[in-house]
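Taking it in order: structure first as C-alpha cells, then the write-up.
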Number of protein chains: 2
Amino acid sequence: MTETRKTFTRAPAGERREALIRATLALMAEVGPAAATVRAIAERAGISQGMIRHYFQTKEDLIGAAYEWHMRGLTGATDAAAGPVGGSARQQLARFVAAALTPPVIDAQAMSLWAGFIHMVLRDPRMRAVHERTYRHFRDRLQDLIDAALREAGRPAPPALARRHAIACNAVLDGLWLEGCALPEAFGPGELTGIGLTAVAAILDLDLAAAGAPSTKAGTA
Amino acid sequence: MTETRKTFTRAPAGERREALIRATLALMAEVGPAAATVRAIAERAGISQGMIRHYFQTKEDLIGAAYEWHMRGLTGATDAAAGPVGGSARQQLARFVAAALTPPVIDAQAMSLWAGFIHMVLRDPRMRAVHERTYRHFRDRLQDLIDAALREAGRPAPPALARRHAIACNAVLDGLWLEGCALPEAFGPGELTGIGLTAVAAILDLDLAAAGAPSTKAGTA
DNA sequence: TGCGCAATCATGCAAGCGTATAATTTCTGC
DNA sequence: GCAGAAATTATACGCTTGCATGATTGCGCA
C-alpha cells in the first residue's frame, strides 16, 4: 500500500549540471524563455525539481550557466571551422566568415536563445562579464585572422587600424547573422555567405572570392 | 463609511491605448520583460488593471502592439535623420548611417527591448509580419539612398547588386548597433560612427568621409 | 435636468511560479 | 553486510500571475 517512489541512480555532479543546462536551453529555444520554469526544466532533464536547487543556488544561477554554455558553443563552432590548420591566412579568414554565416551558427533558435539572454546582460554583472568575454574572444580571433591575411598580402596593418577592421568585419558578421537567423527565407542559398565574403573583402581591400566558401558560385571544377 | 473609489475621467480610446503601450515599453526597458505584468503596466499607466482587457483582447495583443510601436519609433528616428531634404545623395546616406549609430537609436534599453520581443517573432505570425515589414522598410530606405549615391557618382548599380549592397550595409549598421548598445564603453566617442561610415564607404567604393558625421574628425569650421 | 450607456474600478479565482524542507533511497568505506 | 553520508524525491508554502466578474461612476444626449 505504500506509494512507491521513483527509483533513481546517482550521477556525477557534472553530468547532472550539464543535463539541467541542456534542458534549460532546449526549453528556452523551442518554446520560449518563459517556458523554462524549474518544473519544466527538471522534467525535461528527467529528474526531480529539487535537483535544481541542489546544483545551483538559485534559478538565476542556472540561467547564467546556460548563457555561458550557449555562447561558448556559438563561438566555438565558428572557431573550429577556421581551424588551426590548413591553407593560407586568406583561406582561413574566408572559412571563418563562411562558418559564421552557415548552420549551425545560423539558426533561428540559437538567435532566439541569444536574444532571450541579452536583456540580463544589462542588469546582471556576471552576465555582462560573460557577454564581454565572449564578444572580445570572437573579435580578437577575427582580428588575428585579418592581421595575418593582411600581412600575407604584404600590407600589414597598424594596431589601431586592425582594431577598426575587426570591429567593422565583426559587425558585418553579427548583422548578417541576425538577419539570416530571423528571416532565413529572405536569402537564397549561399547568398549570406557570398555577401559576407564580399563585404569583408571590400572592407579589407582583399580578394576572398576564390578562397573559402564552397557555396558561392565557385571556380571551375 | 462607504470606502470611496478612485475618481477618474473618461479618455478617448486612442489615448488609453497609447498610455498602456508606453507603460509596457517603459517597464520592459527599465526593469526587464518579466516586469511587464498586467498589474505593473496598469499602475504605471495610472489606470486600473481591468483596462488592459478592455482595450486589448489579451495581454499578448498589448505586447504585439507595443512591439509594433517600438519598431516604428526606431526606424522612424533613423529615417528622419536622413531627411527628405538637404545636400547631395552622398550626404544623405552619410547622415543616415550616422543617425543609426547615434543616440537615441544607439541605446541599451532600446536594444534590450528589441531583444525581449524577438523570440516572439519566431512563434507569432503577427509579430513576424511586423518584424519583416520593419526590416524591409529600413533596408529599402537604405537601398534607395545607396542607389542615389552611386548614381550621383556616375556608377549606377544594377538591381541585384544594389540589393546585395543594401543587405551588406544594413548588416554593418545592425552589427554596430548591437555592439554599441550592448558595450557602449567599449567604443570611443564617435568611433562607431567613424567605423560605420568607413565600412559602408568601402563596401560601396564611395567616399563618405567629408560628407555627413559631425562627430568624426570633421572639416574646418 | 436627468436618463442610460459605456468606461472605469475593485475584487475574486484558479493556476503556476520559485523556494524550502522533510522523507527516502543509493552508494561508499569498512 | 552494515552504518552513515550524500543524492534524490516528494510535497508544502507563500506569492504572483493573467483573466473574469460585478459594482460604480462619468458623460453625451434628450
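Letters A, B, ... are given to chains in the order of the sequence lines, protein chains preceding strands, and every chain is numbered from 1. The analysis underlying the following values was restricted to heavy atoms, covering all of them including side chains, and did not include hydrogens, waters or symmetry mates.
- OP1 or OP2 of C/dG16 has not a single side-chain nitrogen or oxygen of A/Thr37 nearer than 4.0 Å.
- With rounding to whole Å, A/Ile47 atom CD1 is found 13 Å from D/dA7 atom P.
- As a whole-Å value, the separation of B/Gln49 CD from C/dA7 P is 19 Å.
- When the C1' atom of C/dA10 is taken as reference, atom CD1 of B/Ile52 falls 15 Å away, rounded to whole Å.
- Taking the six-membered ring where tryptophan is involved, the planes of A/Trp177 and A/Trp114 are perpendicular, since the angle between them exceeds 60° and thus also 30°.
- Electrostatic pairing of A/Arg39 and A/Glu43 does not count as a salt bridge here, judged by no charged N lying under 4.0 Å from a carboxylate O.
- A distance-only check finds a donor-acceptor pair linking the side chain of A/His70 to the backbone of A/Ala110 [under 3.5 Å].
- Between the CD atom of A/Glu15 and the P atom of D/dA7 there is a distance of 14 Å, rounded to whole Å.
- Note: NE2 (B/His54) to C1' (C/dA6) measures 7 Å, nearest angstrom.
- Side chain A/Arg5 to base D/dT9: a donor-acceptor pair is found below 3.5 Å.
- Judged purely by distance below 3.5 Å, without hydrogens or angles, the side chains of A/Asp147 and A/His165 never pair a donor atom with an acceptor atom.
- Between B/Phe187 and A/Ile167 the shortest side-chain heavy-atom distance falls below 4.5 Å.
- One atom, CD of B/Gln57, and another, P of D/dG18, lie 17 Å apart when rounded to the nearest Å.
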Pick out the pairs of N or O atoms, protein on one side and nucleotides 26-30 of chain C on the other, that lie under 3.5 Å.
| residue | atom | partner | partner atom | Å |
| --- | --- | --- | --- | --- |
| C/dT26 | O2 | A/Arg10 | NE | 2.9 |
| C/dT26 | O2 | A/Arg10 | NH2 | 2.3 |

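- Distance CZ (A/Arg39) to P (C/dC17): 6 Å, rounded to an integer number of Å.
- Distance from the side chain of A/Tyr55 is smallest to D/dT8 among D/dT8, D/dG18, C/dT8.
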_Worked verdict on A/Glu30 versus A/Arg44 for salt bridge (Lys or Arg N to Asp or Glu O under 4.0 Å)_ = CA-CA 12 Å; A/Glu30 292 169 17; A/Arg44 177 95 177 210; 2.9 Å; yes

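- Remark on DNA chain D: of its neighbouring residues A/Ala11 and B/Ala34, the 5'-side contact belongs to A/Ala11, judged by nearest-heavy-atom nucleotide.
- Across the protein-nucleic acid pair, B/Leu27 atom CG and D/dG18 atom P stand 11 Å apart, rounded to whole Å.
- Proximity of B/Thr58 to the phosphate of D/dC19: a side-chain N or O atom is located under 4.0 Å from OP1 or OP2.
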*asked:* Please evaluate residues B/Met71 and B/Tyr135 with respect to the criterion side-chain contact (heavy atoms from CB on, under 4.5 Å), reporting the C-alpha separation (whole Å), side-chain torsions for both, the decisive distance (0.1 Å), and the verdict.
replied: CA-CA 9 Å; B/Met71 294 311 287; B/Tyr135 169 68; over 6 Å; no

